[in-house]
Amino acid sequence: METLGSFSLSDLLRLSRPVTGTASLNPTSSRPLKRIKLDQNLLLNPNPSRKSFTPISLPVLLVGTVNFFSEASSHHTGSCLNHCLSFSDSSATICCYIAGFDPGVIGQEIHVMAWNYLPIKQGEGQGVLEIIQWRFSSPDTAPLPDFSLSLESAQDSGVKASSFAFGLVKSVSLTFTLPIENGKTGEMGDSVGFLAELLTCMCDKCAKMRPSNEKSGLHRFTESKVIYFIKPTHKWRPVIAKLVGKVMYLWGLKKRLVVVGKESYVMLVSTIKTKVSLCDSVVSDLPTDHSKRGAYRGIVTGIYLHGAVIELDKKVWLLIHDTLLVPHHSLRIGATVSVRDFHLVHANFAWTKVIILGTCVMTSLCIDSFAVSVKKVLVKTEEKSALGTFLESLNLSAKFWVLLSVSCFKYKFRAVLSDKELLGSINNAGLVQTYSSRSLAPDVFRPHKSMFMAFCNHDQCTYSSGHDQTKCKLIVPLSNFVGRCEELWISIQSEMSESYEVHCNNTCDGISYPGYRRRIIPSDDIGCILMGNIQACSSSGRLQLVDATGNIDVVIPDLPSDLSVQTIYEVKDYEVVLEGFGIEGDNSMYEFGEPLSSRAIFKRQTYRKRIHGLMLYVQFYLKDSVCLASPSRVPSNLPHSENHGANHLLVISHKFPLTNKFPFSSAMSICSSLFAEALIFPCKFKRSENGELIQLGKFQHALDFSKRDHKKASEKGPWLAPCSLASRNGGVSATTLCQFNVDSSNYLVAKSLARILLEFKCENFFSYQMLRIGGYYFLNCSEGFNPTRVCKCWEKGGSFVVTGNTLQSLSLSFSDDVNQKEPSRTSSDELVLLKFLSELHEIVDLKSVSQGITNLLPPSQVLSVSSCLQHMFHQSRNLYGSTDLGAQRLGQGDLISVCGDVEYFHDNDCDSVSLTASKCLKIPNPRGNNICIHLADGNQMVVIRGNLSRKLFPIGFGVGASATFHRLLLTCSSNRKEKLLLTPVTYIEITSVRKVKTNGVPNQQMFKVDSLIESLCHLPPLGLFSDLHNKDSKVTRFCCRILTLNVLVLESCIIESSPAYKIPLAGFVLDDGSALCNCWTDNDLASTLLSLRDICSSFFSSDFSSLERAPKRLLASGLCHCSDDYSNYKNTVGYYLDHMLKKHHKVIVKNHGVSLDICQDLLFHSGSGKVFSILEERLLNYIILSSCHGPTFIATGLVMDASATKQFDTYSSESAVLRGCMQNIWIREVACVDPLKDAFNLILDIKNG
Amino acid sequence: MATGGSSSMTHAKLLAAELLSVTVHPTSPPSFSLPRRCPSSISRAEILGIVVSLEAKPRFFKFLLDDGTGCVPCILWLNPRLPPSDHDPTPEILRLQARRVRLGEQLRVRGRITVYRGTLQITVRDVLVEIDPNMETFHRLDCVRIAKRCYGLAKHHLG
């Protein structure tokens, strides 16, 4: 017969590696034992990794005795005392944990048939034996029928202990230490023990008799009784804890008064004579009224935060109130555990729902089967810290949230904050605790109870079960947040494709462009709080919110100039913007694994941005955010003047955008720079060393001198002038060094402001982001403060490389109130410059100063769209010298700044047929994409065109963005059509982003409306033509359409201009649904009503089969010059009218028809008497027919009296005379209908009318 | 009161239900009137609705325009009433208009009110695509406004 190997525990300890062994799968089979020596050779794999149990190649078993640990054992830990038994043979004693525990094993020698051995500490000879299967060593030794525990040695002592108990073990506490007074000596000592709750029966037999050999089974265990097992019986805890649910007898108890704090309890306490035995014959279930604190059995799938949180079956979360509750040695991922008597809570957090099993003093937890993995999780049982005490004071869902927050904080700020700063110490609260206590609602705090009190009064347990609605939000690691946003984007794509949602295709000038999708998700819908530092990305230059896990681009409209990169901000109120074009291909290829799940947070799973083409950013206001941890450094309120102590005052005139050369790889970022342009004042500042105001001696001298002889004064060189600076920390004096010239009138004038370039290397991109156009700054001067020499910084074309503290924000005040000490702005890093210009006023002529300095400041005015249109309207009358961009590369015009809302933008240039054609043919444009941006405010819209690569769009740019465009070129094309163009230096500043309407229709202007229309909010009501005869002569708005044309007069211009024609008079018949009306107008409005600028593309497009030859025929007829570069104007009807009028000088079109439906009765008169060609007539017919089929518009006009209409008699046609009974109005303005606003207007009209 | 000369040529802004309820007078050609309106006689109308049915023929497009209050049959003739000449782009413009008539499109249609085999219809003069859905609300309100004003006038005259 094959023998079984047996070896000593000391062999096992010596091996010091995870080992597993088994004798036989059949525990009853009996084979002879052979003593062997365990060494490496017996292992199946002698050099395995220490990550798994190494099997022993032979059938082996262990022989030893299971018992309680002796008090003298050095292996004792808190966990061992609560959970472990000892296993010993003649050579050693180790911890053991038995799956499928039988109390009869205590004190017996057993054969361990299947086991795992796991060393606890390397080299210290400690380990744990996990006993999977065992049997008594002697086959004759059957389990004792009446198991009992007693301290044999003390049974004969003289202690009186006559009380007993009989009942069902309901719960067992952990062992604890209680300060207790010795009744005899009065000395205080520590008592180690544990509590067990028994449900006893109140039947007569149990109450009056000693229920020995009870067989009846008719007991009702309802009355709770607490037994206090004190030292030395406290070591029974591992066994008693496993008897939960079983009925037992206890003899040798003593009734005592136990005083805990201010409370006292009368209870049965164990003595050295106490004896415990099981009553197997009585079987009872635990009462069902405790079902809400039920039982759960599951596999451990995660152990986090040193055992404070355990995930079971990947779905429920076991919240451990005391880490001593879990058997430390055997609690590993993969083990099956049973939990009894917990509080079940369904927590609804703002971002997810979680099932929590909250343990308390009554909870018992045991390992049912051991894990295969040997990877241990460090379960810490530390001294209670301030955070631990704080956690105990919370209800279960709040506690879970705080634990999640601990994980998040550690994960996010591990690089910048130490554990002590984050978690605090024994006495001091850390950042997590202070943050949590501020964030949590008062109702989540529960009164604190000692363990003794909690166990004895458990019916009033302050932990509650059930559903818990909590508004707590996740302090999300940014990496997980990015993952979540991408997950949302994929789901949005899926939703859209499932619902067959039509993409937002937009049109511009009749051309349709594919739309893109934008979703703005408010923070409340995500349920997360963002936290991090605000920094600029060293590779992209973009502003980002950063933590240790990742980053996300941000748009902060109220970004201050003194933001610190070290400050941690908490952003609760924000909007996540997801935008991009639809994802092609299968969405299912993106698996994110629930980035916001508790598992991902505890496990610290990292996510990287994976979806290319998705623009993801967050916008928020800093005023709505909270500064959590300020940098410890004291903010310096003084200009940094390390060596020389000299500073320049400058004003930022422009920031240059990213260029096409800018790399988008972090590896290359060191070679790249960003630039800003600044104007440097002709003066230099120096702090006085003692901080006092410098005496005005030299200054006074200069003043007198300047009055006497300006020329000499100028030869004298620079002047020292005192000034004072005010900061939050008090006044600081400084000296200015001013440069002056003498002007023609012998006045001292300040030298003009020099233009310099500031260069920002990648490590200082943050400084670039902080810069504000129009803001004042101090700049450290490398040359120092030398009154005798002119600083090179003022030389034209100078440049500075900005480093860490080179620039300091400054609030410039022109006040001469020297008593002002406090800066007006609240910003701590800003200085207010006082008494500077006032002193200058004294030294030089006031007029010179105001003209010489203040006028040199860059134009900081940012135009609204309406003002811009007004500006364009005026500018269009002043012809620019060279304006035809088609013929000449360099455009001329003004650089202006415009702000407004981006209503719509698209890649193709809708203005230029030729460019559109090149797009269609996919001809690459070396300068980037042609982009057309529709910028609007409430009333008006302008179109900005130019070349801009999509990669260079600032964050947030797109439909719905409020943006300021700095340095747009306002120019005029050859047809006097004003244009706004993007230039390579145009800087786009995004101030906010709003939602995009999914069915958004661009706010197109069908007509070029001049900007004189009043605000739509105060629109006068619409009138009716049928009411005109009742009306007084006042300006009225009508909603109408053109029915037909009465008369049209076209004349060529004598002065060379573009267009080369004018419209002295145009008469239309308008129809508003109530009546018809003769309307008269001229020039621009007539051109608008005839849509002369808009109808070109359709007239010459191939839509008209019979007309497609028209351009060629026109070319052949000499009407058009053949040119390689068609400018926009050359493709308009206006262009052909120019040529037509060169031939005819004047054209009069009259409508003689009685019927108004068609224009068959149009008569054409030529001023030159020449005959109209067929094409000319066709063109005129086309213009008029098109205008008669035009859209509804709003015409604002004034009723004309008979005398006023008489002047048109020469032009009036017969039919018009026939219609002479109609009213006549003179049109002053034309606008397209804004259906929404005009509908509101109508509602008011109907309501009031 | 509005001028009688122009009223018959005005395109009355009407809802479909209103248009379909006009009184047809058996004159030649038939004339139409709206009760309690001033002027009550109409010959042309403007409606706005969605194309819900379309029959495209080489010579005409026949379609139904639904504005939520009813469906109005419309016919757009593709051949001009007079033979086209070289200088007349009318056929091309009519064809362009026909292209705008597509199922589901929101159209604003003007034309003469006619009767074909006892059914009212609009013989289309021009077709305009209205992209903005708010235009429907605006048109309805405009119809109400005009009706209210004209009704008020009629009441005044009656009174």
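Chain identifiers are assigned alphabetically (A, B, ...) following the order of the sequence lines, protein sequences preceding nucleic acid strands; residue numbering begins at 1 within each chain. Just so it is clear, the structure is predicted and the values come from calculations on it, not from any experiment.
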What heavy-atom pair brings [X] and [Y] nearest, and what distance separates the two atoms?
| X | Y | result |
| --- | --- | --- |
| A1075(A) | T10(B) | CA-OG1, 3.4 Å |
| R125(B) | C1188(A) | NH1-O, 3.3 Å |
| C1039(A) | K13(B) | O-NZ, 3.7 Å |
| T90(B) | L1185(A) | OG1-CD1, 3.6 Å |
| H1189(A) | L128(B) | O-CD1, 3.7 Å |

Given the rule in the side-chain contact (heavy atoms from CB on, under 4.5 Å) test, do M9(B) and V1069(A) qualify, once you have shown the distances and angles that lead to the verdict?
CA-CA 11 Å; M9(B) 296 178 216; V1069(A) 177; over 6 Å; no

Tell me, for E136(B) versus chain A, whether the close heavy atoms (under 4.5 Å) come from the side chain, the backbone, both or neither.
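Contact with chain A: none, neither part.
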
Thinking salt bridges, do R1041(A) and D126(B) make one under a 4.0 Å N-O criterion?
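Salt bridge between R1041(A) and D126(B), a charged N being under 4.0 Å from a carboxylate O: yes.
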
Any heavy-atom pair between the side chains of N1241(A) and R145(B) that's under 4.5 Å?
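Not in contact.
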
D1234(A) and F138(B), any side-chain heavy atoms less than 4.5 Å apart
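In short, these two side chains do not touch, never coming nearer than 4.5 Å.
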
For chain B, the option from G1190(A), G1073(A), A1239(A) that forms the most heavy-atom pairs under 4.5 Å
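Looking at each of G1190(A), G1073(A), A1239(A) in turn, G1073(A) comes out on top.
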
Heavy atoms only, distances under 4.5 angstrom: which of I1243(A), D1072(A), L1022(A) has the most pairs with chain B? Name it, please.
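When all of I1243(A), D1072(A), L1022(A) are compared, L1022(A) has the most.
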
For L1180(A), which atoms come within 4.5 Å of any heavy atom of chain B: side chain, backbone, both, or neither?
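It is neither, since no heavy atom gets under 4.5 Å.
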
Select one option (side chain, backbone, both, neither) describing which atoms of L1236(A) are under 4.5 Å from chain B's heavy atoms.
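Both backbone and side chain.
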
What's the spacing between T1192(A) OG1 and D142(B) CG if we round to 0.5 Å?
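Answer rounded to 0.5 Å: 8.5 Å.
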
With rounding to the nearest 0.5 angstrom, report the CG to OG1 distance, D1238(A) to T137(B).
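The CG atom of D1238(A) sits 12.5 Å away from the OG1 atom of T137(B).
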
Which donor-acceptor pairs under 3.5 Å do side chains of residues 55-64 of chain B form with protein atoms, sequence neighbours excluded?
{"from": "E55(B)", "atom 1": "OE2", "to": "K57(B)", "atom 2": "NZ", "distance (Å)": "3.4"}

Before giving the answer on side-chain contact (heavy atoms from CB on, under 4.5 Å), spell out for D1071(A) and R44(B) the whole-Å C-alpha distance, their side-chain angles and the decisive distance to 0.1 Å.
CA-CA 11 Å; D1071(A) 179 2; R44(B) 293 155 195 264; over 6 Å; no

